Amino acid sequence: MKSKVIIYIAASLDGYIAGINDELDFLKSVEDPNEDYGYYEFLSTVGFVIMGRRTYDKIQTLVPDFPIDDKKYYVRTRTEKPPTANVSFFNGDIAKLIDGLKSDTSKHVFIDGGADIIHLLLKDRLIDEIILSVIPVLLGEGIRLFKGNEPEQNLQLLSAEKFNKGLVQLHKKVIK
């Protein structure tokens with residue numbers, strides 16, 4: 001199996017990944033204790049996780065024991081910080097980081113957000129797949145999943161699934 005760079009993320013129907021103040025309350029509308037929307041199966045294919053500092057800070061407030069697994073996390077930040085057991089902070093060339101990670105294993109690279117990281121990767125055409133969970137809500141404002149000015153990229157539908165709480169999950173492959 002060849003390693004891929006995969007965005008796995010949720011967004012409102014109007015394209016927001018968080019509210020205006022980074023709030024994620026809109027995700028509660030699809031919470032179901034009996035449904036993980038394929039997240040843990042997906043995570044089992046992942047070796048590395050890349051995220052921005054704001055996403056990392058938000059996860060720290062939601063999951064105090066983060067990281068809770070053996071994956072290697074890379075947090076893009078402008079402020080240098082010493083690494084922890086599973087977390088490295090970087091401010092270098094993200095394309096070089098991804099090249100190194102993809103050559104290191106057959107495990108996938110999970111892009112966990114945020115919008116700035118996703119924008120950089122789309123701009124440099126480094127994304128292989130997008131798994132987008134569309135939440136049935138219109139936020140009207142907040143942090144957009146796609147910032148704009150990314151180059152046009154064609155996508156192929158790999159799967160689409162509707163869940164009981166109204167969430168629709170699209171799995172797309174970027175045509176290269």
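All heavy atoms count here, side chains included; hydrogens, waters and symmetry mates do not. Not measured: the values here are computed from a predicted model. For reference, positions follow the sequence shown, starting with 1.
How far OH of Y37 is from CD1 of I131: 15.5 Å, rounded to the nearest 0.5 Å. Taken from OH in Y8 to CG in L132, the straight-line distance is 10.5 Å, to the nearest 0.5 Å. To the nearest 0.5 Å, the span separating CD1 on I130 from CG on L122 amounts to 5.5 Å. In this structure, the separation between CG on L126 and CD1 on I50 is 9.0 Å, given to the nearest 0.5 Å. The CZ atom of F90 lies 5.0 Å from the CG atom of L97; values are rounded to the nearest 0.5 Å. For the atom pair T55 OG1 and I118 CD1, the distance stands at 8.0 Å (nearest 0.5 Å).
A donor-acceptor pair is defined here as one N or O able to donate and one able to accept, closer than 3.5 Å; no such pair exists between the side chain of K4 and the backbone of E129. Under a 3.5 Å cut-off, the side chain of K172 and the backbone N or O of N154 do not form any donor-acceptor pair. Panel note: side chain E35, backbone F163; no donor-acceptor pair is recorded below 3.5 Å. The main-chain N or O of L138 is never found under 3.5 Å from a side-chain atom of D14 such that the two would form a donor-acceptor pair. For S3 (side chain) and K107 (main-chain N/O), a donor-acceptor pair under 3.5 Å exists by modelled atom type. Proximity of a side-chain donor or acceptor of D128 to a complementary backbone N or O of V5 within less than 3.5 Å is detected.
Hydrophobic clustering of Ile, Leu, Val, Met, Phe, Trp and Tyr side chains at less than 4.5 Å, counting indirect connections, unites L155 with L13. Residues F89 and V63 share a single hydrophobic cluster, defined by chaining ILVMFWY side chains whose heavy atoms lie under 4.5 Å apart. Residues L62 and Y40 share a single hydrophobic cluster, defined by chaining ILVMFWY side chains whose heavy atoms lie under 4.5 Å apart. In the hydrophobic clustering of ILVMFWY residues, with side-chain heavy atoms under 4.5 Å counting as a link, L120 and V174 come out apart. A single hydrophobic cluster is not seen to contain both I17 and I20; linkage of ILVMFWY side chains at heavy-atom distances under 4.5 Å, directly or through other members, places them apart.
What you find for D112 and M51 is that their closest heavy atoms are OD2-CE, 3.6 Å. For the residue pair L139 and S12, the shortest heavy atom distance occurs at CG-CB, 3.9 Å. Here the shortest heavy-atom pairing between L145 and A11 reads CD2-CB, 4.3 Å. In terms of heavy atoms, P151 sits closest to K123 at CD-CA, 3.6 Å. In plain terms, the two heavy atoms of G113 and I9 that are nearest each other are CA-CD1, 4.5 Å. Of all non-hydrogen atoms in I143 and A115, the two that sit nearest each other are CG2-CB, 4.0 Å.
For the pairing with F110, the side chain to side chain contact (heavy atoms under 4.5 Å, CB included) check across I7, L43, I6 returns one residue only, L43.
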- Item | Stepwise side-chain contact (heavy atoms from CB on, under 4.5 Å) test for I135 and L167 | CA-CA 5 Å; I135 310 301; L167 181 145; 3.5 Å; yes
Determine all donor-acceptor pairs shorter than 3.5 Å in which one atom belongs to a side chain in residues 22-30; sequence neighbours excluded.
residue	atom	partner	partner atom	Å
D22	OD1	R54	NH2	2.6
E23	OE1	N21	N	2.7
S29	OG	F26	O	3.0

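Few gaps surround NZ on K58; more than 12 heavy atoms of other groups in view lie less than 6.0 Å from it. Other residues, nucleotides and ligands contribute over 12 non-hydrogen atoms within 6.0 Å of the NZ atom of K165. For D93, the CG atom counts as densely surrounded, since its 6.0 Å shell holds more than 12 non-hydrogen atoms of other residues, nucleotides or ligands.
Taking the six-membered ring wherever Trp is involved, the centroid distance between the rings of Y56 and Y73 does not fall below 6.0 Å.
Side-chain contact between K176 and R125 is absent, with no heavy atoms from C-beta onward closer than 4.5 Å.
D57 meets the salt bridge (charged side-chain N to carboxylate O under 4.0 Å, His left out) test with R53; sequence neighbours excluded.
Sorted by first and then second residue, the side chain to side chain donor-acceptor pair (under 3.5 Å) pairs with a member in residues 74-92 read K72-S88; sequence neighbours excluded.
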